[in-house]
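Remember, it's 1-based here, ligands and their atoms both numbered in the order they're listed.
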Amino acid sequence: MTTPILDVAGLTAAYGRRTALRDVSLTIRPGQILGLLGPNGAGKTTLMDAVAGKVRPVAGTVSVCGMDVTRRTRAARARIGYAEQDLAVFPTLTVRENVSNWAAICGMPRRGHAQAVDAALSAMLLDEVAEQRVRTLSGGQRRRVHCAMATVCRPPLLLLDEPTVGVDPATRRAVLDHVRALAAEGTAVCYSTHYLPEVEALGADVVLLKDGATAARGRVEELLDRFGRTVAELRVRDGDGPSATTRTVSVDLDGPDELPGVLRGLDADLNRLAGLEIRRPSLDEVFDRIVEEDGRAHADSR
Ligand SMILES: Nc1ncnc2c1ncn2[C@@H]1O[C@H](COP(=O)(O)OP(=O)(O)OP(=O)(O)O)[C@@H](O)[C@H]1O
């Protein structure tokens with residue numbers, strides 16, 4: 001197995017007396033996308049801030065490309081592209097100037113600088129507004145500028161904190177395509193979102209935080225299998241002729257294999273079956289279920 005780009009071990013973090021992360025451990029390897037999920041206040045931003053060296057751990061360690069973030073903050077930070085929730089752009093500069101300046105701050109050499117900026121702008125669909133001052137942009141456009149800044153230097157680790165909040169569907173697709181392309185080139189990506197279909201579209205591994213602790217982790221398919229319910233919805237006809245009515249009966253299945261047994265159970269009523277639909281669990285349902293339950297009970301060991 002390849003060495004992780006990001007290794008978080010037993011991370012606990014606090015704001016004063018308020019503990020925001022409790023003993024969180026995770027790794028992200030080159031080319032891996034980790035979907036960071038959790039309800040508001042679960043600790044997603046705090047985790048990213050700790051990885052970026054903005055929040056100091058109370059306990060545990062964070063290392064990026066083998067460098068301890070607390071002891072070698074600058075060197076580790078240079079390996080990270082971080083698109084934060086709070087937009088840190090210069091409103092009076094143009095889009096191109098913001099991305100270009102950021103590339104320079106990150107130490108990008110002059111050679112290839114202009115092409116890298118062009119590529120980052122194009123990937124975020126910013127060509128048309130490249131010469132516009134950032135203060136004239138919409139909120140969704142500004143968020144794209146932030147993603148372009150985070151990705152322009154092609155860092156080994158990309159932290160994207162809810163990058164698609166307030167963006168239109170075309171931009172959402174562009175962000176997801178770009179993230180997939182960067183991962184295919186070997187970038188390790190930590191992607192926080194409340195839009196669960198994005199996690200599925202990215203084929204991401206998932207860490208679900210709840211109250212600062214790991215409530216669940218795994219591949220999307222594994223979480224669906226472990227926590228999801230497959231439901232057979234049978235539409236059964238009552239009565240005959242014009243007065244006939246139809247009712248829906250829902251049966252929980254442990255898996256599609258149980259369906260023949262359910263149908264056999266209908267026996268004489270089988271000819272009253274007017275329709276049948278199998279509903280696979282969605283990640284939304286699984287997410288709600290884990291968050292409602294005591295998530296810690298489900299946490300895997302690392
Ligand atoms: N600067 C701060 N000072 C004090 N408490 C904070 C600060 N930032 C976050 N917190 C608290 O830490 C906890 C975790 O917050 P965090 O922003 O990491 O959650 P989140 O999962 O990113 O939430 P959201 O989905 O709303 O962005 C919350 O209880 C929050 O109130």
Heavy-atom nearest neighbour in the protein, as seen from [atom], with distance rounded to 0.1 Å:
| atom | result |
| --- | --- |
| atom 25 (O) of ligand 1 | K44 NZ, 2.7 Å |
| atom 24 (P) of ligand 1 | N40 ND2, 3.6 Å |
| atom 11 (C) of ligand 1 | R18 CD, 3.8 Å |
| atom 27 (O) of ligand 1 | Q85 NE2, 3.1 Å |
| atom 17 (O) of ligand 1 | T45 CB, 3.7 Å |
| atom 4 (C) of ligand 1 | Y15 CB, 3.3 Å |

Is a side-chain N or O of [X] found less than 3.5 angstrom from the main chain of [Y], in a donor-acceptor match?
| X | Y | result |
| --- | --- | --- |
| R144 | L121 | no |
| R143 | P163 | no |
| R79 | V64 | no |
| T187 | V189 | no |

Practice prompt. Spell out, yes or no, whether V167 and L160 are grouped together once hydrophobic residues are joined by side-chain heavy atoms under 4.5 Å, including indirect joins.
Written response: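 Different clusters.
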
Counting each atom of ligand 1 from 1 as listed, which ones have a heavy atom of [X] under 4.0 Å away?
| X | result |
| --- | --- |
| A42 | 19 (O), 20 (P), 21 (O) |
| H194 | 25 (O) |
| T46 | 14 (C), 15 (O), 16 (P), 18 (O) |
| A20 | 12 (O), 13 (C) |

Fill in: Any N/O pair G41/ligand 1 closer than 3.5 Å
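Yes, there is a polar N/O contact under 3.5 Å.
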
Discussion item. Taking a cutoff of less than 4.0 Å between a non-hydrogen atom of the residue and any ligand atom, is G38 in contact with ligand 1?
Written reply: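 No; G38 lies far enough from ligand 1 that no heavy-atom distance drops under 4.0 Å.
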
Discussion item. Looking at ligand 1, would M48 count as a contact under a 4.0 Å heavy-atom criterion?
Written reply: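 So M48 does not count as touching ligand 1.
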
Would you say [X] and [Y] make side-chain contact, with heavy atoms under 4.5 Å?
| X | Y | answer |
| --- | --- | --- |
| R272 | D240 | yes |
| L157 | V51 | yes |
| Y191 | L158 | no |

Practice prompt. State, without any angle test, whether S122 and D127 hold a side-chain donor-acceptor pair at a distance under 3.5 Å.
Written response: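 Present: a donor and an acceptor within the cut-off.
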
